[in-house]
There are 2 protein chains.
Amino acid sequence: MQLDPYNTDSLKEGSSIKIFSPEFAKANRPEPEIDPESPTRDRLLLAACHVFSKNGYHDSTISEISKLAKANIAAVNYHFGDKQNLYLQTIKYAFKITTDKYDPNGNLPETAPARDRLTARITALIRPSFDLGPAGYTKELFAWEMGVPTGLFDQFVKEVLEPLKNQFHAMLRELLGPDCTQDDVHLCGFSIISQCHSPLLRMHVRKILLKYRPSVADVNFIIEHVIDFSLAGIESRKRIIAKRKQTNDSPDS
Amino acid sequence: MQLDPYNTDSLKEGSSIKIFSPEFAKANRPEPEIDPESPTRDRLLLAACHVFSKNGYHDSTISEISKLAKANIAAVNYHFGDKQNLYLQTIKYAFKITTDKYDPNGNLPETAPARDRLTARITALIRPSFDLGPAGYTKELFAWEMGVPTGLFDQFVKEVLEPLKNQFHAMLRELLGPDCTQDDVHLCGFSIISQCHSPLLRMHVRKILLKYRPSVADVNFIIEHVIDFSLAGIESRKRIIAKRKQTNDSPDS
DNA sequence: CTCCTTTTCAAATGATTATTTGAATTGTAT
DNA sequence: ATACAATTCAAATAATCATTTGAAAAGGAG
């Protein structure tokens, strides 16, 4: 078999190294501590969090998950029916762990100033990206869901994320003032959420583009920046809204 | 077999519908027009762009790709050696198509004002997200790469993206002024790139969260917003830099 | 203890799919 | 036209995995 025409100039020399092999170090999070005394079902869920986060749905094998959970290979099908349902339950499980630790509202009442609520929300969205424990799994799983358009995502959005989005938009509307339009809210929301859920915050991307394991101070620094950057953007949008209103109130005369 | 304990409350009623089945409509881009006269290798690359974009690496089968390319199933292995190398060449191919159509520098010379260069860069980064033709494949493939930490990504970053990032940081440094630090540049760069590469701009996410097929006016609206929002963020950062300098110049006295 | 249900287990099944093979076909240079 | 290399093709191979099976073990109620 000829090798020349394959244009393998991007393969490492030797050309037999598999790109997807572990030789190209992945920035894996540490394996979770799984209590061997806990029920098989729970062990499977925690192991599944880890494996699905690491590999996504299709690269994860039931074999790997049950091995990590120290359960038999048939245990997944017994407890969850099939792999798909395990995946579904895993996402819910992970999401609960994350929101239990990082409250999207940061314990603030609905009546707190919008600015404070926005600060709390941004913080709660960014922190899990730097959490190496189980609270960090949601971010990874969500990133996979962004990649893999499954019906599951639609459903999860409607059930769980939609209410959170509505709260978020309410904050923005309050900050942008009474003359803001739906578009104003959507656009500012887009800019802020994009920063909080940025792929650049994912561990294996950080490894290349940012500091791999930022200190607590670094993380706070990033959060403060996103808040400041976003508030500045909102202020700018407010000026646009004001100018628009002025133009509309005094039409061509 | 018992079904109760599976906690299938999130499965559609009937419970036999497969979540990953096409029944949950994916927001697929239209199939590319593949010239049947063009060489098999090119037909395969274009077909691979489409299939890999749609399904990611592991969900894509050589069978599906060769069928779309109207080539024999053995053609991939003949022309590219194996699936991995096909994937590699596909990413390069897609990236070239995209940058040929959307020049990262928008034809501007290095000497153009930083503000204009930034505007051009943001535009070139966002537009492909709304391109349903071949120039849109890069965005999808990159999104997959964000999900799958392969060595390929490291390599592609170094070879191709690093130089572009350096140009980008130079613009920011120019805009932030002489007193800005590396951190200032990194943080602003992070905020801007996160918006331009936002998962929220991906077609199947847009389908849920934004307008599915925005008009040209909508796209321009979004681009203008990101530019404005980002410039406001940069201005804010400049004020922080100025304040920091002031504090440093007149230490506790 | 006995009966019954729930859970675990090792091995088998069945489906999918990347890759190989060797023959057939096409294209090209002499 | 002939020889030779490049390309295409259908069928076979081999590996991987999700899922099933049926027996064994554990647990609980009477």
Side-chain angles (χ1 to χ4, degrees), chain A residues 1-8 11 15-16 18-22 34 36-45 47-48 51-52 54-90 148 150, chain B residues 1-8 11 15-22 34 36-45 47-48 51-52 54-90 150:
Chain A
M1 172 173 297
Q2 22 136 252
L3 270 171
D4 283 319
Y6 293 168
N7 183 12
T8 50
L11 292 171
S15 85
S16 70
K18 290 292 169 185
I19 292 170
F20 293 90
S21 76
I34 299 179
E37 302 300 314
S38 60
T40 304
R41 194 188 140 91
D42 293 350
R43 297 206 311 278
L44 282 172
L45 278 174
V51 176
F52 281 137
K54 188 159 58 79
N55 304 328
Y57 180 78
H58 275 272
D59 267 357
S60 301
T61 67
I62 290 193
S63 159
E64 185 180 357
I65 292 169
S66 23
K67 202 171 289 172
L68 181 59
K70 292 195 168 60
N72 186 272
I73 190 166
V76 164
N77 291 325
Y78 177 74
H79 285 281
F80 298 94
D82 58 15
K83 189 184 173 187
Q84 263 183 34
N85 188 41
L86 170 64
Y87 187 58
L88 214 77
Q89 304 308 332
T90 301
V148 194
T150 64
Chain B
M1 172 171 294
Q2 21 135 251
L3 271 171
D4 282 320
Y6 293 167
N7 184 13
T8 51
L11 291 172
S15 85
S16 70
I17 296 182
K18 290 292 168 186
I19 292 171
F20 292 90
S21 77
I34 300 179
E37 301 300 314
S38 60
T40 304
R41 188 174 199 277
D42 293 350
R43 296 206 313 278
L44 282 171
L45 278 174
V51 176
F52 282 138
K54 187 158 60 79
N55 305 327
Y57 181 78
H58 274 273
D59 267 357
S60 301
T61 66
I62 289 192
S63 158
E64 185 180 356
I65 292 169
S66 21
K67 201 171 291 173
L68 182 58
K70 292 195 168 59
N72 186 271
I73 191 166
V76 165
N77 290 324
Y78 177 74
H79 285 281
F80 298 95
D82 58 16
K83 190 182 171 188
Q84 261 184 36
N85 189 41
L86 170 64
Y87 187 58
L88 213 77
Q89 305 306 333
T90 301
T150 64

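Here is how names work: the chains are called A, B, and so on, in the same order as the sequence lines, proteins then strands, and each is numbered from 1.
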* Atom of A:Phe80, atom of A:Asn85 and distance for their closest heavy-atom approach ->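 Of all heavy-atom pairs spanning A:Phe80 and A:Asn85, the closest is O-ND2, 3.0 Å.
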* **Minimum-distance pair of heavy atoms, taken over all atoms of A:Ala47 and A:Ile65** =>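 For A:Ala47 and A:Ile65, the tightest heavy-atom pair comes out as CB-O, 3.6 Å.
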Tell me: [atom1] of [X] to [atom2] of [N], nearest whole Å?
{"X": "B:Tyr87", "N": "C:dT19", "atom1": "OH", "atom2": "P", "value": "15 Å"}
{"X": "A:Gln84", "N": "D:dT19", "atom1": "CD", "atom2": "C1'", "value": "13 Å"}
{"X": "A:Lys70", "N": "C:dC9", "atom1": "NZ", "atom2": "P", "value": "12 Å"}
{"X": "A:Leu44", "N": "C:dT8", "atom1": "CG", "atom2": "P", "value": "9 Å"}
{"X": "A:Lys67", "N": "D:dT16", "atom1": "NZ", "atom2": "P", "value": "12 Å"}
{"X": "B:His79", "N": "D:dT7", "atom1": "NE2", "atom2": "P", "value": "6 Å"}

* Does the side chain of A:Gln89 reach to within under 4.5 Å of the side chain of A:His79, using non-hydrogen atoms? ->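 No, side chains not in contact.
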* Asked: Which distance, rounded to the nearest 0.5 Å, do you find between the CG of A:Leu45 and the CG of A:Leu86?
  ->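 So the gap between those two atoms works out to 6.5 Å.
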* Tell me, please, which residues at least two apart from A:Ser60 pass side chain to side chain contact (heavy atoms under 4.5 Å, CB included). =>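 Partners of A:Ser60 by the side chain to side chain contact (heavy atoms under 4.5 Å, CB included) criterion, ordered by chain and then number, come out as A:Val51, A:Phe52, A:Asn55.
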* **All side chain to side chain contact (heavy atoms under 4.5 Å, CB included) counterparts of B:Ile62, not counting sequence neighbours** =>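 B:Ile62 satisfies side chain to side chain contact (heavy atoms under 4.5 Å, CB included) with B:Ser66, B:Ile73, B:Val76, B:Asn77, B:Lys83 once adjacent residues are dropped.
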* What's the verdict on side-chain contact (heavy atoms from CB on, under 4.5 Å) for A:His58 and B:Tyr57, showing C-alpha distance, side-chain angles and the deciding distance? -> CA-CA 10 Å; A:His58 275 272; B:Tyr57 181 78; over 6 Å; no
Check nucleotides 23-27 of chain D for protein N or O atoms closer than 3.5 Å to its own N or O atoms and list the pairs.
none

Report all interatomic pairs (protein N or O, nucleotide N or O of nucleotides 12-18 of chain C) with separations under 3.5 Å.
| unit_1 | atom_1 | unit_2 | atom_2 | d |
| --- | --- | --- | --- | --- |
| C:dA18 | OP1 | B:Ser60 | O | 3.3 |
| C:dA18 | OP1 | B:Lys83 | NZ | 3.3 |
| C:dA18 | OP2 | B:Ile62 | N | 2.9 |

* Asked: B:Asn72 side chain N/O closer than 4.0 Å to the phosphate oxygens (OP1, OP2) of D:dA10?
  ->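 B:Asn72 to D:dA10 OP1/OP2: side-chain N or O found under 4.0 Å.
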* Using a cut-off of 4.0 Å on non-hydrogen atoms, how would the nucleic acid contact of B:Ala75 be classed: base, sugar-phosphate, or nothing? ->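 It contacts nothing in the nucleic acid.
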* **Closest to side chain of A:Ala74, choosing from D:dC9, C:dT6, C:dC9** =>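 It is C:dC9.
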